[in-house]
Amino acid sequence: MLTTERAAAPPKMSLRFAALVTLAVAVGHAPAGAWQHNVAGGSGTNAAAAVAVEPITQDVIGAGTLDFDGDHIFVTRVDPGFGRRRWAYYNFENYPYARSNALAVTTAPDGTAVVAGVVKRTGTGDDFAVLKVGDFGAPAWVTYLDGDTPCSDDRALAVAVGSGVVGIEVAAAGALGGHFAVVMLSGSTGAEQWRYTLPNGEATAVAIASNGDVVGAGVAGSRFTVVRLGAQDGHQVWKVGSDDGRAAGVAIDRNGDVVATGEHGGACGQAPCAAVKLLGSTGAQLWRAPYAAVGVASTPPVAVALAPNGDPILAGTTNDAFTVVKLATQIGNLIGRYQHSAG
């Protein structure tokens with residue numbers, strides 16, 4: 001049963017082992033329509049985990065993990081026409097015993113890259129990490145957060161940048177001390193402004209509304225969970241949960257309403273579903289999209305993006321096939337589905 005409470009890295013993200021870090025992006029004005037940028041690493045973990053496009057220059061920013069006498073956060077910026085590197089950044093915290101992964105990346109209005117992930121540090125273990133990388137790959141700031149439990153498995157799984165109460169701010173979501181966590185940081189210094197936690201879980205997605213409020217989604221106490229938090233101090237505006245499941249992705253449309261992808265097990269109400277749309281002001285359910293209605297079997301989509309008109313586009317797998325589904329913004333009915341299987 002879906003419940004709404006008002007105020008009074010998907011399962012754990014895994015990194016693929018590979019011989020190369022690969023970023024491949026198709027851009028319309030490239031000579032052959034597409035290019036591929038490769039960065040060689042060592043014998044450890046080498047993987048691209050996230051990608052973003054800087055809106056003014058159209059430069060492509062990729063983030064992930066590169067083995068260089070230990071696994072390190074690696075961020076690179078390449079030009080959109082030919083995929084040539086403009087700069088690269090390595091996080092060498094705790095070198096050479098590093099185990100660091102970048103899990104999400106976005107861009108700030110000043111063109112810098114903001115990265116979220118996990119960094120293993122001496123004395124605190126795996127820490128929730130957010131960093132801002134500026135011109136020529138120079139770090140503007142790096143923020144590490146540790147949970148209440150010593151050496152707990154802390155990690156930042158998602159990051160968003162938007163306008164807050166005191167200018168540009170960074171919202172990051174993940175786990176701190178084994179708990180669902182959403183943290184607001186200053187965009188200029190990385191200083192923590194506030195944090196919000198729920199017991200036993202992790203936040204896997206985050207978005208910032210036009211008024212600066214933050215929406216986080218994930219799992220808390222084995223419950224599908226979406227929360228809206230006030231911009232100024234992180235107070236809970238509303239919280240939506242279910243009897244089972246987890247939220248994997250979240251987006252906010254131009255009306256301020258929230259679309260969250262979900263896992264099966266009744267996470268969206270009477271029957272398993274792929275997505276739910278919530279009224280931005282109260283969290284009330286506007287529609288739900290059951291698995292059967294959108295043709296994604298019983299596998300939850302892991303990501304959501306919105307078309308310019310607000311139609312949700314979901315991505316994931318079903319029956320071992322790469323699957324993308326488009327729903328109608330008004331009632332959540334299926335518009336189209338694309339599937340591709342290597343077989």
pair [X]-[Y]: side-chain heavy atoms closer than 4.5 Å:
{"X": "N46", "Y": "T65", "answer": "no"}
{"X": "V250", "Y": "V258", "answer": "yes"}
{"X": "L145", "Y": "D154", "answer": "no"}
{"X": "D213", "Y": "L229", "answer": "no"}
{"X": "R77", "Y": "E54", "answer": "yes"}
{"X": "V183", "Y": "L176", "answer": "yes"}
{"X": "V115", "Y": "V130", "answer": "no"}
{"X": "T107", "Y": "T112", "answer": "no"}

- Query: Between H340, R337, Q339, which is the residue that forms a side-chain hydrogen bond (donor to acceptor under 3.5 Å, both in side chains) with T323?
  - Reply: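 Exactly one pass, corresponding to Q339.
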- Task: Might you work through the side-chain contact (heavy atoms from CB on, under 4.5 Å) test for V119 and F128, ending with a clear yes or no?
- Result: CA-CA 7 Å; V119 174; F128 185 112; over 6 Å; no
Straight-line distance of [X] [atom1] to [Y] [atom2], nearest 0.5 Å:
{"X": "N333", "Y": "W287", "atom1": "CG", "atom2": "CH2", "result": "9.0 Å"}
{"X": "R288", "Y": "L278", "atom1": "CZ", "atom2": "CG", "result": "12.0 Å"}
{"X": "W194", "Y": "E169", "atom1": "CH2", "atom2": "CD", "result": "8.5 Å"}
{"X": "D59", "Y": "D79", "atom1": "CG", "atom2": "CG", "result": "6.5 Å"}

Can you name the closest pair of heavy atoms from [X] and [Y] and give their distance?
{"X": "V161", "Y": "P109", "result": "CG1-CD, 3.9 Å"}
{"X": "P199", "Y": "H179", "result": "CA-ND1, 3.4 Å"}
{"X": "V60", "Y": "W35", "result": "CG2-CZ2, 3.9 Å"}
{"X": "A203", "Y": "A181", "result": "CB-O, 3.5 Å"}
{"X": "A175", "Y": "E202", "result": "CB-CB, 3.8 Å"}
{"X": "A248", "Y": "A205", "result": "O-CB, 3.8 Å"}

- With side-chain contact (heavy atoms from CB on, under 4.5 Å) as the test, would you mind laying out the steps for V170 and M184 before giving the verdict? CA-CA 6 Å; V170 174; M184 179 68 85; 5.8 Å; no
Any link between [X] and [Y] through a network of hydrophobic side chains (Ile, Leu, Val, Met, Phe, Trp, Tyr) touching at under 4.5 Å?
{"X": "V142", "Y": "V75", "answer": "yes"}
{"X": "V206", "Y": "Y196", "answer": "yes"}
{"X": "I335", "Y": "L306", "answer": "no"}
{"X": "V219", "Y": "V302", "answer": "no"}
{"X": "W238", "Y": "V182", "answer": "no"}

- Message: Counting only heavy atoms from other residues, nucleotides and ligands, does the tally under 6.0 Å from CD of Q330 exceed 12?
- Response: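 It does not: Q330 CD has 12 such atoms or fewer within range.
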Short question: side chain of [X], backbone of [Y] - any donor-acceptor pair under 3.5 Å?
{"X": "W141", "Y": "G187", "result": "yes"}
{"X": "D257", "Y": "G280", "result": "yes"}
{"X": "D67", "Y": "S43", "result": "yes"}
{"X": "K277", "Y": "T329", "result": "yes"}
{"X": "T204", "Y": "A247", "result": "yes"}
{"X": "S188", "Y": "S186", "result": "no"}
{"X": "N101", "Y": "V118", "result": "no"}
{"X": "S100", "Y": "H72", "result": "no"}
{"X": "D127", "Y": "A129", "result": "no"}

- Task: Inspect the contact between R155 and D126 and indicate whether a charged nitrogen and a carboxylate oxygen are less than 4.0 angstrom apart.
- Result: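 Between R155 and D126 there is no salt bridge, as every charged N stays at least 4.0 Å from the carboxylate O atoms.
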- Item | Set of residues satisfying salt bridge (Lys or Arg N to Asp or Glu O under 4.0 Å) with respect to D110, sequence neighbours excluded |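 If we apply the salt bridge (Lys or Arg N to Asp or Glu O under 4.0 Å) test to D110, skipping adjacent residues, the hits are K132.
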- Query: Could you go step by step and tell me if R86 and T76 meet the side-chain contact (heavy atoms from CB on, under 4.5 Å) rule?
  - Reply: CA-CA 8 Å; R86 297 198 190 278; T76 187; over 6 Å; no
- Indicate the ring-plane relationship of Y90 and F68, choosing parallel, tilted or perpendicular according to the 30° and 60° boundaries.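 Rings of Y90 and F68: tilted, as their planes differ by 30° to 60°.
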- Worked verdict on L198 versus K239 for side-chain contact (heavy atoms from CB on, under 4.5 Å): CA-CA 11 Å; L198 290 171; K239 181 176 71 157; 3.9 Å; yes
- Query: Is it true that the side chains of Y144 and D146 contain a donor and an acceptor less than 3.5 Å apart?
  - Reply: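 Not at all, the side chains of Y144 and D146 share no donor-acceptor pair under 3.5 Å.
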